[in-house]
Amino acid sequence: MAPDVEWAVVVDPYAAFRNFHSWESEVVGHCRCGDILQVSGISVNSDKESWYMFSSGWLPASAVDIYSNRLRAQSASALLK
């Protein structure tokens, strides 16, 4: 376990990865409820919304739940499927 690594579980039925941390940004990919993603970064946009960065793009905080380790994320994901 690494203390500086966070994991996200997608809670929306479908979520669109964005190229930048903004709703107006281009969609660059998609994910589904229960998907587990490693957090690469976090940002707050001009509308004061938190966004998380992943290898595939940005997702709003409202689309994911954040966990401190992968095991907790896997347990949460299993409850959503």
Side-chain angles (χ1 to χ4, degrees):
M1 289 196 308
D4 59 337
V5 176
E6 290 185 309
W7 297 87
V9 176
V10 178
V11 295
D12 285 353
Y14 292 95
F17 288 110
R18 301 287 176 159
N19 194 37
F20 195 65
H21 52 88
S22 167
W23 290 108
E24 292 79 28
S25 184
E26 175 187 8
V27 173
V28 294
H30 296 87
C31 55
R32 300 170 66 170
C33 184
D35 286 353
I36 300 171
L37 310 165
Q38 184 175 353
V39 177
S40 300
I42 185 171
S43 182
V44 178
N45 67 12
S46 59
D47 294 328
K48 307 250 186 296
E49 293 177 306
S50 294
W51 288 71
Y52 288 94
M53 183 174 73
F54 305 98
S55 60
S56 299
W58 292 87
L59 291 175
S62 61
V64 296
D65 285 342
I66 303 298
Y67 296 90
S68 59
N69 62 59
R70 186 169 176 83
L71 183 59
R72 288 184 184 197
Q74 288 173 325
S75 295
S77 173
L79 295 173
L80 294 172
K81 292 184 177 183

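Values below: every heavy atom of this structure, side chains too, minus hydrogens, waters and symmetry copies.
Hydrophobic clustering, with ILVMFWY side chains joined whenever heavy atoms are under 4.5 angstrom apart, groups Val10 together with Phe54.
Closest approach of Val9 to Ala76, counting heavy atoms only: CG2-CB, 4.3 Å. The heavy-atom pair separating Val11 from Ser62 by the smallest distance is CG2-O, 3.8 Å. Glu24 and Ser22 make their closest contact through OE1-OG, 2.7 Å (heavy atoms, listed as atom of the first residue, atom of the second, distance). Across all non-hydrogen atoms, the minimal contact from Trp7 to Asn69 is CD1-C, 3.4 Å.
Each of Phe17, Trp23, Trp58 was compared with Trp51 under the ring-ring contact (aromatic ring centres under 6.0 Å, His included) criterion, and only Trp23 meets it.
Here Leu71 sits alone; no ILVMFWY side chain lies under 4.5 Å from its own, so it joins no hydrophobic cluster.
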Please tabulate, one pair per line, all N/O donor-acceptor pairs under 3.5 Å involving side-chain atoms of residues 28-44, not counting sequence neighbours.
residue: Asp35; atom: OD2; partner: Arg32; partner atom: N; Å: 2.9
residue: Ser43; atom: OG; partner: His21; partner atom: NE2; Å: 3.3

